[in-house]
Amino acid sequence: MNATNTSNKSDDAARVDGAATDTHPFRYTGELAQGIEARWQDRWEAEGTFNTPNPVGPLADATRFLDADGAARPKKFILDMFPYPSGTGLHMGHPLGFTATDMYARYQRMTGHNVLYTMGFDAFGLPAEQFAVQTGQHPAITTNQNIANIRAQLRRLGLSHDQRRSISTTDPGYYRWTQWIFLQVFNSWFDPETKKARRIDELIAEFEAGTRQPSDADGVARSWADISAAERGLELDGWRLAYVSNAPVNWCPGLGTVVANEEVTSDGRSDRGNFPVFKRNMRQWMMRITTYADRLIDDLDLLDWTEAIKSMQRNWIGRSEGAFVHFDSSAGLISVFTTRPDTLFGATFMVLAPEHSLVDALTTPEQATAIAEYRVQAAAQDDFYRQNEGREKTGVFTGSFATNPLNGAQIPVWIADYVLMGYGTGAIMAVPSGDQRDFEFARKFGLDIVAIQQPADRTLDTSTWAEAFVGDAPYANSSNESLNLDGVTSVAEGKHLTNEWLTAHGRGEATITYKLRDWLFSRQRYWGEPFPIAYDLDGNPHGLPDELLPVSLPETDQFSPRTFDPDDSMSNPESPLDRLTDWVNVELDLGDGLQPYRRDTNVMPQWAGSCWYEMRYLDPTNEVDFVDPANEAYWMGPQTEGGSGGVDLYVGGVEHAVLHLLYARFWHKVLFDLGHVTSCEPFHRLFNQGYILAAAYQDQRGMYVEAADVVAADGGYSHDGLPVTREYGKMGKSLKNAVDPDEMCAQYGADTLRLYLMAMGPLDASRPWESKDVVGVHRFLQRVWRNIVDEATGGIRLLPHDADEETVRQLHIAISGVREELDNLRFNTAIAKLIEFNNHLTKLGGCPADMAEPLVKMLAPLAPHAAEELWQKLGHTESVTYEPFPVANPALLVADTVEYPVQINGKVRSRVTVAADADAGTVQAVALADEKVQSVLAGGTPKKIIVIPGRMVNIVA
RNA sequence: GCCCGAGUGGCGGAAUGGCAGACGCGACGGACUCAAAAUCCGUUGUCCGAAAGGGCGUGUGGGUUCGAGUCCCACCUCGGGCACCA
């Protein structure tokens with residue numbers, strides 16, 4: 001079967017494994033491995049070996065779900081970040097993470113856990129749509145082809161997925177529930193009192209009961225009973241967690257769609273496609289993720305994630321504690337946000353963002369031209385330029401002054417582009433003595449700099465200062481008749497006193513701001529989930545009732561959104577669904593008879609489908625609920641009092657640290673608040689795998705050349721006879737250094753690839769791929785095989801006796817070590833310890849009869865196909881999958897005698913062998929009696945002797 | 001600039017404060033072979049030495065300790081994230 005259609009690949013295999021088949025027909029070669037692997041993959045599939053029972057529903061199976069005592073077996077929910085089914089299939093980064101979770105899943109099965117482990121596809125999105133545009137083929141067709149291709153690749157790796165649970169986000173049976181969850185969000189509001197999402201009905205009930213009043217209109221209080229239906233709708237929309245807004249959004253003409261803040265790079269371009277992005281006011285769907293900012297930060301403490309990822313999330317949310325301060329001006333109150341209210345005495349001017357709404361009112365006639373020019377200039381700059389630190393400060397005086405509330409000083413109001421409209425209030429109080437940016441601005445424009453703290457190494461004469469002072473130092477020049485900070489030495493105390501004063505005098509209040517913005521949730525594209533929303537003739541959005549779900553993506557052959565010149569900032573989005581007027585215009589009965597409606601023509605962003613997919617794995621065919629509560633509670637529920645609950649292990653790349661992980665946590669929390677799930681976090685333990693790097697080579701023009709064709713030549717490297725330079729980079733197409741997982745399977749077998757991927761180094765570290773190193777773990781499998789199997793006959797060939805005492809000890813050391821390493825996802829050292837034990841057996845000339853089964857069981861999670869084959873050869877008819885993993889006997893871990901290194905002044909000078917149960921005194925006596933020790937001491941008396949039982953002896957001479 | 005990581009043989013990497021370099025690659029020597037490949041056995045941090053043995057060694061400089069790759073302080077380099085965020 002292999003020989004017929006893969007001539008290239010079997011040539012490769014022959015080169016590696018040579019003529020082994022002539023003299024050793026049953027040697028473990030790449031070819032033999034492939035035969036074994038195909039056979040076991042077939043059998044696993046036929047027998048449903050990895051099907052996992054649920055507590056309830058169609059996947060329930062009480063005999064496998066319950067233990068011998070009739071109790072639910074302990075669970076492990078092990079999850080990979082699901083792949084996008086790209087046309088080029090899996091790259092090596094996928095098998096890296098997938099192998100780790102598979103090994104862990106298999107190990108957990110062998111330690112008595114009910115393991116949920118499957119794989120789905122995040123299949124909506126741009127590339128499929130773009131490919132469809134190019135080929136004219138419907139994205140559903142290419143998507144399904146790609147999924148089938150990737151399934152075959154996954155199967156070849158021997159991943160122990162429960163196939164019945166696999167989903168694609170593009171299945172109508174799946175996105176029906178994505179739409180349903182959207183409606184849950186749409187029909188919810190955030191109650192600031194309880195800090196939880198509640199049903200919109202409960203808000204309406206509060207309005208109707210009069211316990212809550214609608215917001216004021218133009219400062220005039222209103223009552224629910226007196227306002228119109230349209231006004232009520234607007235009021236509710238102002239509370240909904242999903243809402244249509246006309247706020248500034250990121251418009252990307254090159255993509256023809258708007259994108260979320262998180263999808264815009266720091267230089268103001270689209271994450272996908274690298275097109276310019278422009279801030280434009282547009283009517284778009286938003287999600288009120290900002291209401292969850294505090295909980296998204298606070299609940300990180302419940303999670304077993306690395307500090308790096310937690311800090312990225314905290315950073316992105318950007319919680320900042322400070323105060324609002326209100327300044328009087330000729331144009332009314334100007335509010336600023338500051339984290340240093342304690343420095344208010346030093347505020348000598350104010351700066352507004354050029355876009356600030358009060359600028360016109362503040363600008364005096366004399367300054368009007370200068371201000372107008374500056375605003376035009378600022379508007380023309382892109383974010384990249386504007387946020388480029390180190391740029392010389394620019395700004396223009398408005399001609400007006402504001403009053404410092406603490407000391408009544410009249411301070412000039414400027415505009416400058418270093419103040420951003422999107423953060424805080426878009427206005428700052430400038431304290432040049434305490435803020436470096438303000439300091440630079442004041443120096444450039446000759447504005448006052450008043451010291452309000454007395455740093456130990458400076459005078460209060462700020463003309464001698466080279467920079468602003470930030471930190472703790474006693475206050476100075478900081479008192480008025482009712483507030484005196486002078487003499488206070490801590491900034492914290494200064495802030496506290498100032499905030500009290502501001503509140504008492506109505507000039508401000510303590511507050512918290514966030515960098516996080518609401519999540520822009522609509523896209524003007526085709527290949528995504530349609531919104532389950534219809535607009536009435538007045539343009540008011542209505543959520544569709546459950547029975548109208550799913551809102552299927554309509555058929556068309558015009559998939560392409562209109563894209564524009566990437567720099568055409570004034571272009572307007574045109575969604576592909578707009579064109580499908582038959583679909584857009586519908587008559588629906590939403591409670592008051594058939595009425596004409598217009599469907600929403602946006603689609604959801606690709607993140608929508610990945611916000612909850614892990615829960616659909618729990619109950620993939622459920623038609624009445626997105627997941628049965630009993631199934632959710634078992635698989636996701638908190639395992640300890642006050643625990644977060646969630647997936648037990650989530651493995652994936654760090655590139656999702658902010659986007660996917662933040663959005664998914666947000667949706668999950670809404671579902672938690674509404675009582676749909678019992679876990680308050682979706683992913684309890686997150687593990688970020690490293691990248692696979694590989695050597696990449698550039699020719700002298702700087703172009704990358706195919707790394708596979710580069711040869712080492714006299715100290716350097718060459719390609720096609722021309723010299724090239726080497727660097728290391730993420731393995732992939734762009735650097736032309738990709739290695740195909742399928743090729744590796746063909747050459748060595750999947751078990752070898754799996755072991756190599758894991759043996760390369762710690763899972764969280766990025767590591768360079770070296771194809772020549774793969775043979776190391778292949779030899780290991782070969783040696784295990786040879787220790788158990790006769791290479792000439794294929795039959796079992798063990799040593800005819802049981803293991804000696806030392807070998808038994810080595811076994812138990814290996815069991816204990818391998819368990820410890822697997823428990824902690826340290827696959828590299830787990831493999832090393834297994835190799836070590838097998839090397840011990842090899843030195844014995846083979847495997848003692850009683851060592852074979854424990855060895856094969858320990859191998860089973862790591863190299864499952866080879867282990868199954870060996871297990872079967874050892875006479876078993878059942879799969880090794882559910883065999884109990886060996887348990888170390890602590891009594892057998894220690895030898896009768898211990899060899900102590902003897903250090904003299906910290907250097908090892910000798911070794912003595914002492915009975916394992918010898919006390920410290922005995923060890924010391926033996927060490928001192930040692931000849932070499934005596935000769936090094938040369939008759940001197942040791943000052944001190946330290947004996948660490950079981951470890952070592954150190955003599956201080 | 002701020003926040004995370006990380007610096008160990010020729011290479012990938014191991015080491016609860018207790019024998020630095022497990023395990024693997026490569027290299028070198030040997031077995032098998034007509035030969036090569038594959039496989040197997042052995043050696044392999046480095047310097048001095050014929051050897052016995054000894055010196056030096058975990059980015060740099062200090063410190064704590066009987067003992068530091070590991071803990072503390074300062075610095076250097078590299079990787080990642082954030083950034084005129086008030």
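Residue numbers start from 1 in every chain, and the chains themselves are labelled A, B, ... in the order their sequence lines are given, proteins ahead of strands.
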Original post:
Taking the side chain from A:T99 and the backbone from A:P95, do they hold a donor-acceptor pair closer than 3.5 Å?
Top reply: yes
Original post:
Do the rings of A:F441 and A:W414 sit parallel, tilted or perpendicular, given the 30° and 60° boundaries?
Top reply: perpendicular
**OP:** Check for a donor-acceptor pair, side chain of A:Q934 on one end and backbone N or O of A:L928 on the other, with a separation under 3.5 Å.
**Re:** yes
Subject >> Residue mapping more 5' on RNA chain B - nearest nucleotide basis, A:A832 or A:R340 >> reply: A:A832
Subject >> Side chain of A:T339 (C-beta onward), nearest among B:A86, B:C82, B:G42 >> reply: B:A86
Got a list of protein N/O to nucleotides 65-69 of chain B N/O distances below 3.5 Å?
from	atom 1	to	atom 2	distance (Å)
B:C66	O2'	A:N954	ND2	3.3
B:C66	O2	A:N954	ND2	2.8

Original post:
Between A:I831 and A:R786, which is nearer to the 5' end of RNA chain B once each is assigned its nearest nucleotide?
Top reply: A:I831
Original post:
Between the base of B:C19 and the side chain of A:R911, is there any donor-acceptor pair under 3.5 Å?
Top reply: yes
**OP:** Look through every strand shown and name the nucleotide pairing with B:G24 as Watson-Crick or G-U wobble, where both distances are under 3.5 Å.
**Re:** B:C11
Subject >> Ring geometry between A:W769 and A:Y756 (parallel below 30°, tilted from 30 to 60°, perpendicular above 60°) >> reply: perpendicular
**OP:** Check every strand shown and say whether A:T842 touches a base, only sugar-phosphate, or nothing at a heavy-atom separation below 4.0 Å.
**Re:** sugar-phosphate
Atom pairs, N/O to N/O, protein against nucleotides 9-12 of chain B, distance under 3.5 Å?
from	atom 1	to	atom 2	distance (Å)
B:G12	O2'	A:M760	O	2.8

Original post:
How would you label the contact of A:R783 with the nucleic acid (heavy atoms, under 4.0 Å): base, sugar-phosphate, or nothing?
Top reply: sugar-phosphate
Original post:
Is A:K833 side chain donor-acceptor paired with the B:C23 base, going by distance under 3.5 Å alone?
Top reply: no
Original post:
Looking for any heavy atom pair under 4.0 Å, which part of the strands does A:N828 touch: base, sugar-phosphate only, or nothing?
Top reply: sugar-phosphate
Original post:
Looking across every strand, which nucleic acid part, if any, lies under 4.0 Å from A:K907 by heavy atom: base, sugar-phosphate, or nothing?
Top reply: sugar-phosphate
**OP:** Could you check which of B:G13, B:C3, B:C19 has an atom nearest any side-chain atom of A:S311?
**Re:** B:C3
Original post:
Quick one: which of B:C4, B:C84, B:G81 gets closest to the side chain of A:L420?
Top reply: B:C84
**OP:** Please give the nucleotide sitting opposite B:C75 as a Watson-Crick or G-U wobble pair, both distances under 3.5 Å, or none.
**Re:** B:G59
Subject >> Candidates B:U16, B:C85, B:U39 - which lies nearest the side chain of A:R951 >> reply: B:U16
**OP:** Name the closest nucleotide to the A:M952 side chain, picking from B:C19, B:A86, B:C25.
**Re:** B:C19
Pick out the pairs of N or O atoms, protein on one side and nucleotides 45-49 of chain B on the other, that lie under 3.5 Å.
none

**OP:** Report the base-pairing partner of B:A83 (Watson-Crick or G-U wobble, both distances below 3.5 angstrom), or none.
**Re:** none
Original post:
Which way is the base of B:G9 turned, syn or anti, if we draw the line at 90° from 0?
Top reply: syn
Original post:
Is A:K730 touching bases, backbone alone, or none of the nucleic acid, heavy atoms closer than 4.0 Å?
Top reply: nothing
Subject >> Sidechain-backbone polar pair: A:T29 side chain, A:L32 backbone, donor-acceptor under 3.5 Å >> reply: yes
Original post:
Any idea which of B:G24, B:G54, B:C3 is nearest the A:R909 side chain?
Top reply: B:G54
Original post:
Does NZ or CZ of A:K393 lie under 6.0 Å from the centre of the six-membered ring of A:Y418, at an angle within 45° of the ring axis?
Top reply: yes
